[in-house]
Amino acid sequence: RAEVVTVDVVVHIVHAHDGQNLTEEQIDGQIAVLNEDFRATNADVKNVPAVWQGLIADSRIEFRRASTDPEGNPTTGVTRRRTNKTAFSDNDAIKFTAQGGTDAWPADRYLNIWVGQLSGGLLGYAQFPGGPAETDGVVITHTGFGTTGTAAAPFNLGRTTTHEIGHWLNLFHIGGDDGTGCSGSDFVADTPNQAGQNFGTPNFPSITCNNGPNGDMFMNYMDYTDDAAMVMFTHGQVLRVEACLAGPRRSLLT
Ligand code: ARG
Ligand code: ZN
Ligand code: CA
């Protein structure tokens, strides 16, 4: 696919108090980050080590706030509701109006992003392609959403949403989700095999699973490093994303 495609987004703000009722600025800041990260126009992509600069990939996906709601009426692409739930877990309650959250918009036409207070330090989670429409999308804790307002270091560069949308587009963690083992895979050819996830801001090279001399690609969005340390998708990852958008998520592009 040569052309750039656009995904319509609805952001569901689920707030327990006014401080969680995020500003338009915080929402727009997050959308801007997505448009940089998925086009590889983020300034910090220059931090990728020279040996991997050639693997940096532009996914040619852009994101915009939906301008038409499911009933065909004009919208800002944001819903807001007050909830009496002080925190949400990964049990999907935030995705249902009857459980204190907000019902999804049709997942064949919109990327649903729910934003609220998550519990237990959970930054976010995602549903992979192929799941139920009622729960499809990504969930992000408000302190990890956008770059201003309630966004808090070291997760205040909007990368949690980039990472979770990566899952939503069928990308696995580059550590292969086998704990700290070396037998798991992300099914991407150009990401080095690595052991577990990396955290914080590692130094290059960080060698595991005999992957020297260059080591783990800890600066990939699908690792677990701090927002400031994750800066790239690879060509191989973009192939998986393109297959997803040509397959299970093709209805989003029409
Ligand atoms: N699902 C992961 C978590 O909640 C997201 C990690 C995102 N990492 C980041 N640097 N923003 O822990
Ligand atoms: Zn993840
Ligand atoms: Ca592994």
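Just so it is clear, the values below take in all heavy atoms, side chains as well, and ignore hydrogens, waters and symmetry mates. Because the structure is a prediction, the values reported are computed rather than measured. Indexing begins at 1, ligand by ligand and atom by atom, following the structure's order.
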What atoms of ligand 1 come within less than 4.0 Å of a heavy atom belonging to Met230?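 The list of qualifying atoms is 8 (N), 9 (C), 10 (N).
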
State the atoms of ligand 1, each with its element, that fall below the 4.0 Å cut-off from a heavy-atom position in Thr160.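 Every atom of ligand 1 under 4.0 Å from some heavy atom of Thr160: 7 (C), 9 (C), 11 (N).
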
Would you kindly say whether [X] and [Y] are connected by a side-chain donor-acceptor distance under 3.5 Å?
X	Y	result
Asp216	Thr208	yes
Tyr110	Asp69	no
Asp223	His173	no
Ser251	Asp108	no
Asp226	Thr201	no

Is the Ca ion (ligand 3) less than 3.0 Å from at least one N/O/S atom of [X]?
X	result
Gly176	no
Gly184	no
Gln194	yes

For side-chain hydrogen bond (donor to acceptor under 3.5 Å, both in side chains), just list the numbers for Asn198 and Thr225, CA-CA rounded to whole Å, side-chain angles, deciding distance to a tenth of an Å, and then say yes or no. CA-CA 6 Å; Asn198 291 285; Thr225 48; over 6 Å; no

Got a donor-acceptor contact below 3.5 angstrom from the [X] side chain to the [Y] backbone?
X	Y	answer
Arg81	Ile13	no
Gln26	Phe145	yes
His167	Leu171	yes

[atom] - nearest protein heavy atom and its distance:
atom	value
atom 4 (O) of ligand 1	Leu123 N, 3.0 Å
atom 12 (O) of ligand 1	Tyr224 CE2, 3.6 Å
atom 9 (C) of ligand 1	Asp227 OD1, 3.3 Å

Hey, is [X] one of the residues with a heavy atom under 4.0 angstrom from ligand 1?
X	result
Gly144	no
Tyr125	no
Glu164	yes

Considering only N, O or S atoms of His163, the one closest to the Zn ion (ligand 2):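 This turns out to be NE2.
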
What atom name does the N, O or S atom of His173 nearest to the Zn ion (ligand 2) carry?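 Distance check against the Zn ion (ligand 2) picks out NE2 in His173.
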
Output yes when the distance from some N or O of ligand 1 to some N or O of [X] is under 3.5 Å, and no in every other case.
X	answer
Asp223	no
Gly124	yes
Thr225	yes
Leu122	no

Can you give the angle Gly175 O - the Ca ion (ligand 3) - Gly181 O, rounded to 10°?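 Seen from the Ca ion (ligand 3), O and O are separated by roughly 160°.
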
What atom name does the N, O or S atom of Asp178 nearest to the Ca ion (ligand 3) carry?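 Relative to the Ca ion (ligand 3), the closest nitrogen, oxygen or sulfur of Asp178 carries the name OD1.
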
Kindly indicate, with the supporting measurements, whether the criterion side-chain hydrogen bond (donor to acceptor under 3.5 Å, both in side chains) is fulfilled by Gln127 and Thr135. CA-CA 7 Å; Gln127 181 169 297; Thr135 49; 2.6 Å; yes

Using 30° and 60° as the class limits, which term best fits the ring planes of Phe187 and Phe172: parallel, tilted or perpendicular?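 Perpendicular, since the angle between the ring planes exceeds 60°.
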
